[in-house]
Amino acid sequence: MEQIRVRFAPSPTGNLHIGGARTALFNWLFARKNGGVFILRLEDTDLERNLEEAEAGIFSCLDWLGLKWDEGPGTTGLSGPYRQSERFGLYREQADRLLESGAVYKCYCTPSELAQQREQAQKKGFAPRYDGRCRRLSLKEQLEREARGISPVLRIKMSQEGTTVVHDLIRGAVEFENKTMDDFIIVKSNGLPTYNFACVVDDSLMRITHVIRAEEHLSNTPKQILLYRALGFNEPAFAHVPMILAPDRSKLSKRHGATSVDEFRLDGYFPEALVNYLALLGWSPGDDREMMAINEIISSFSLEAISKSAAIYDTKKLTWLNAQYLCSFEPERVAWEVVPFLQARGFVKGNPDEKTFAYIKKVSEVVRSRVHTLVELADASSYFYIDDFDYDEKGVKKFFNREGVAELLDQGKEAVKMIPYFDLPNVELAYRNLIDNLGISGGSLIHPTRLALSGKTMGPGLFDIMVTLGKEKCVERLEKAVCWLKKR
RNA sequence: GGCCCCAUGGUCAAGCGGUCUAAGACACCGCCCUUUCACGGCGGUAACCCGGGUUCGAAUCCCGGUGGGGUCACCA
């Protein structure tokens, strides 16, 4: 069987959007599932804005997501180069062929003339399409226009008869009447190819077997199919995946919160969670599995199972998934990943030494089941790293305003001091004994102690906090709280 | 506006003519667990856009309407 070859072809403008990320993912999954080749191609024909950073951003996002490309920039694939800006000669060659065969013609209409034509057509109630007037230009007329310094565009001759059918793997046969398409431009007056043309030439020359892309390209597809035929190339199979919409059903944009892969990384999400979430957005394994390892996703994946309707992007489930992953990972990994977030908050200075790392690991283990992201993990761990925190206002009202709290905490401090081995059973035993001896409820000692040690009213179990913090810190903070209470 | 796609709970979705008085997950609401907050467990609220057909039988097929989205550039 012919080897499957798919491509992800973003234009490097800005960062990788989650929509693009999902398209890349579906392509990658399809390749991995079928032993195919996943190709990365940069559609950077656009003149001005072509920042190197944008390209690097795409690379790093794909890399972070774990979507390695088999062929693309930086590889020695045989179908290169993989930047359209480095393939202009190839487009020229194909355009010349088309010109020779008479499939395309030169058009000298200027942008302002075209605008005028469109306007007139609209006035008369016609569709604003090019009328093909330059098709009939004689050689003399052409030369005359050249002499006036007009450089032509190349337009393809479209038939007005019949229909063109797109056989879409997700949607089935989609028919387009040819008369709805006009003689569109394939080469601009500056000699550069337009999107539809470059895309077809590249997909042909790169021997792409399956074009998997966003639904917004479905309307372009009949034009591209006609181009394949004019060029004499076989058309690939198509699969147009549904769009991802914002919660208000509009097109996704920056104002809808985090929408780029990079933002999710910065917000403390794991690539596994984002990939898992994205896979489930528009695709389902057919059963009720939700949290899936990447290999599981690969083996269950198929284009036919991709849904036809647009999905609304809602990060709640992503956040839940992230929490699931956070709790399932090795403590080592979590500690390693949370370090940058701790550094950013000044909780950890520089690269942690072995002892600090072990502490971070311990803290993270104790805290992680109540947070969703690395950002939340870092924030919720603050008091493990800094001594200078305020007591939660409501907590003070609730637990510090009682009669005799200072004495109680002082006794707690003394009890802590007496603990020989500061581990979980001993700490708990010591505190339980104190509670029994005083004949009070557990909460009346536990809650003020938590507030004294962390400044918060919620968090990990008190004894976990104590053991993690260590005996010295506990005594210190208990004492500090006693002083604070007495000063009021 | 023309053309194209789509339509199951708030969201993601299973369902591909009878087993649907419609799974599962997120979110939400209760209860349990518990020193708190979570986690976890148990339970609950909540959907086949509307109207016509086809059929013994329709969420599932067909047509129309409505709604949403996409596309109509010398942008990709």
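Letters A, B, ... are given to chains in the order of the sequence lines, protein chains preceding strands, and every chain is numbered from 1.
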Short side-chain N/O contact from Gln324(A) to OP1 or OP2 of A38(B), under 4.0 Å: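 It does not, given that no N or O in the side chain of Gln324(A) lies less than 4.0 Å from OP1 or OP2 of A38(B).
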For A73(B), does OP1 or OP2 lie under 4.0 Å from any side-chain N or O of Lys223(A)? no
Expressed in angstrom and rounded to an integer, what is the separation of [X] atom [atom1] from [N] atom [atom2]?
X         : N      : atom1 : atom2 : result
Trp320(A) : G24(B) : CH2   : P     : 14 Å
Asn276(A) : A25(B) : CG    : P     : 15 Å
Lys188(A) : C74(B) : NZ    : P     : 10 Å
Ile465(A) : A38(B) : CD1   : P     : 15 Å
Glu113(A) : A73(B) : CD    : P     : 17 Å
His217(A) : C75(B) : NE2   : P     : 16 Å
Gln84(A)  : C75(B) : CD    : C1'   : 12 Å
Ile156(A) : A73(B) : CD1   : P     : 16 Å

Heavy atoms only, 4.0 Å cut-off, all strands: where does [X] land among base, sugar-phosphate and nothing?
X         : result
Lys251(A) : sugar-phosphate
Thr457(A) : base
Ser444(A) : nothing
Asn220(A) : base

Rounding to an integer number of angstrom, what distance separates [N] and [M] when you compare their [atom1] atoms?
N      : M      : atom1 : answer
A7(B)  : C63(B) : P     : 14 Å
U19(B) : A59(B) : P     : 9 Å
C48(B) : A23(B) : P     : 13 Å
G70(B) : A14(B) : C1'   : 26 Å
C32(B) : A38(B) : C1'   : 15 Å
G68(B) : C75(B) : C1'   : 25 Å
G10(B) : U45(B) : P     : 15 Å
C49(B) : U8(B)  : C1'   : 10 Å

In the strands shown, is [N] matched to any nucleotide by a Watson-Crick or G-U wobble pair with both distances under 3.5 Å, and which?
N      : value
G30(B) : C42(B)
C72(B) : G1(B)
A25(B) : U11(B)
U54(B) : none

Indicate yes or no: does [X] engage [Y] in a salt bridge with an N to O separation below 4.0 Å.
X         : Y         : value
Glu330(A) : Arg333(A) : no
Arg155(A) : Asp182(A) : no
Glu113(A) : Arg133(A) : no
Arg229(A) : Glu235(A) : yes

Roughly how far apart are Ser364(A) OG and Phe384(A) CZ, rounded to 0.5 Å?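 Here the interatomic distance stands at 9.5 Å.
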Separation between CD1 (Ile18(A)) and CD1 (Ile244(A)), nearest 0.5 Å, reads 4.5 Å
Please work out whether the ring planes of [X] and [Y] are parallel, tilted or perpendicular, with thresholds of 30° and 60°.
X         : Y         : value
Phe329(A) : Phe270(A) : perpendicular
Phe238(A) : His240(A) : parallel
Tyr269(A) : Phe264(A) : perpendicular

Nearest to the side chain of Leu114(A) - C74(B), C37(B), A76(B)?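 So the nucleotide nearest the side chain must be C74(B).
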Side-chain atoms of Arg118(A) come closest, of A76(B), G40(B), C74(B), to C74(B)
Please figure out whether Glu216(A) or Val187(A) has its closest RNA chain B nucleotide nearer the 5' end.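 Closest to the 5' end, via its nearest nucleotide, is Glu216(A).
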Please figure out whether Ser11(A) or Asp182(A) has its closest RNA chain B nucleotide nearer the 5' end.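 Taking each residue's closest nucleotide, the earlier one in sequence belongs to Asp182(A).
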Give the B/S/- string for nucleotides 2-15 of chain B, one per nucleotide from 5' to 3', where a protein heavy atom under 4.0 Å of the base yields B, of only the sugar-phosphate yields S, and otherwise -. --SBSS---SBSS-
Going 5' to 3' through nucleotides 30-35 of chain B, assign each nucleotide B (protein heavy atom under 4.0 Å from a base atom), S (under 4.0 Å only from sugar-phosphate atoms) or - (no protein heavy atom that close). -----B
Does the Lys NZ or Arg CZ of Lys456(A) fall within the cation-pi geometry relative to Tyr383(A) - under 6.0 Å from the ring centre and within 45° of the axis?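 No cation-pi geometry.
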Looking at C37(B), does its base get a donor-acceptor pair with the side chain of Arg370(A) below 3.5 Å? yes
Near Glu393(A) CD, under 6.0 Å, is it more than 12 heavy atoms from other residues, nucleotides or ligands? no
Assess whether atom CD of Glu296(A) is packed by more than 12 heavy atoms of other residues, nucleotides or ligands within 6.0 Å. yes
